[in-house]
Protein chains: 2
Amino acid sequence: MRHTYREVEQCATKVALNLISGKWKPIIFFHLSSGAMRFTELWREIPRVSKKVLLEQLRQLESAGLVERTVQNGFPPEVTYQLTHKGAELAPILYRLDQWAMRHIEGVVQIS
Amino acid sequence: MRHTYREVEQCATKVALNLISGKWKPIIFFHLSSGAMRFTELWREIPRVSKKVLLEQLRQLESAGLVERTVQNGFPPEVTYQLTHKGAELAPILYRLDQWAMRHIEGVVQIS
DNA sequence: CGGTATCCTGGACGATACTG
DNA sequence: CAGTATCGTCCAGGATACCG
């Protein structure tokens, strides 16, 4: 492993982590990695969030360029969310994180 | 609320992220990946943290099993911190996150 | 359906001083 | 040197109600 980073570069990992470290972002990310989903559809899968917060997290993922929001005209409104290319490139990395976690976290785990 | 791991398989990524998502943990992790360091040595490298908080972050990394604390007897006291095996296995994954960030975050980057 | 608008609370983080 | 001990601030996240 190399350690030739400079002051700013050291934080690249941190910057990346910030993009996905909202309370519900990993789960959102997980669901969206199967494909596009409507807002309510996503909400049903993650029932413990308030709509407000789910929205906030989505907006943040959106402005981080990881998620794209698409509006279809008509009534009732139809809005879908999906991973961008940039977001999709993150998936295999998160998958490795997941594998690591599975290897090291056994038994009972704390959720909140 | 406690759940068995099976119930939150989806969240393994989240669990992993929680372990390293303290404000200073990625940077601590970065520094320790070069080898063991004494407390003050580490503190000098990360001057914007208070000792209290640096301690907190180290304790959390420690109880997550990512970092090991070693005390040498004598005065003045000498305490070193280093990555555990489990922690070291995380390094290549964080390195890929870093690579991803470097590819996608251009220009000036926010440090805080 | 897919949002806003308010109001509130816990806890992460910080500043500072003291100690074995 | 490597910590505790206090006290204070800020804001992410939550509860709830309303809207086009």
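Residue numbering restarts at 1 for every chain, and letters A, B, ... go by the order of the sequence lines.
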Do any side-chain nitrogens or oxygens of A/Arg38 fall under 4.0 Å of OP1 or OP2 in C/dG3?
no
Spacing of A/Leu55 atom CG relative to D/dA15 atom P, expressed in whole Å
16 Å
Plane angle bin for B/His104 and B/Trp100 - parallel if under 30°, tilted between 30 and 60°, otherwise perpendicular:
tilted
Nearest-angstrom distance from the residue atom CD of A/Glu41 to P of C/dG2
9 Å
Can you tell me which nucleotide in C/dG3, C/dC1, D/dT4 comes closest to the side chain of A/Thr40?
C/dC1
So, OP1 or OP2 of C/dT4: does either fall under 4.0 Å of a side-chain N or O from A/Arg59?
yes
Roughly, in whole Å, what's the span from CD in A/Glu78 to P in C/dG2?
7 Å
Rounded to the nearest 0.5 Å, what's the gap from CD1 on A/Ile20 to CD1 on A/Ile93? Could you check?
8.5 Å
So, is A/Arg44 close to the C/dG2 phosphate, meaning a side-chain N or O under 4.0 Å from OP1 or OP2?
no
Using atom CH2 of B/Trp43 as one end and atom P of D/dC1 as the other, report the distance to the nearest whole Å.
10 Å
Rounded to whole Å, the CG-C1' distance (B/Asn18 to C/dA12) equals 13 Å
Can you build the contact string for nucleotides 13-20 of chain C? Use B for base contact, S for sugar-phosphate-only contact, and - for no protein heavy atom under 4.0 Å.
BBB----B
Partner of B/Thr80 under side-chain contact (heavy atoms from CB on, under 4.5 Å), picked from B/Gln72, B/Glu41, B/Met37, B/Arg69, is B/Gln72
Report yes if the side chains of B/Lys25 and B/Leu19 come closer than 4.5 Å at any heavy-atom pair, otherwise no.
no
Where do B/Gln57 and B/Val53 land on the side-chain contact (heavy atoms from CB on, under 4.5 Å) test, with the steps shown first?
CA-CA 6 Å; B/Gln57 305 268 310; B/Val53 171; 4.1 Å; yes
What is the distance, to the nearest angstrom, from the NZ atom on B/Lys14 to the C1' atom on D/dG13?
12 Å
Round to the nearest Å and state the distance from A/Ile27 atom CD1 to D/dG13 atom P.
12 Å
Are A/Val79 and A/Thr70 packed together at the side-chain level, in the sense that at least one heavy-atom pair is separated by less than 4.5 angstrom?
no
For atom CD1 of B/Ile28 and atom C1' of C/dA12, their distance in whole Å
14 Å
Got A/Arg59 and A/Glu62 here, is their nearest side-chain heavy-atom distance under 4.5 Å?
yes
Any side-chain N or O of B/Tyr81 below 4.0 angstrom from OP1/OP2 of D/dC1?
no
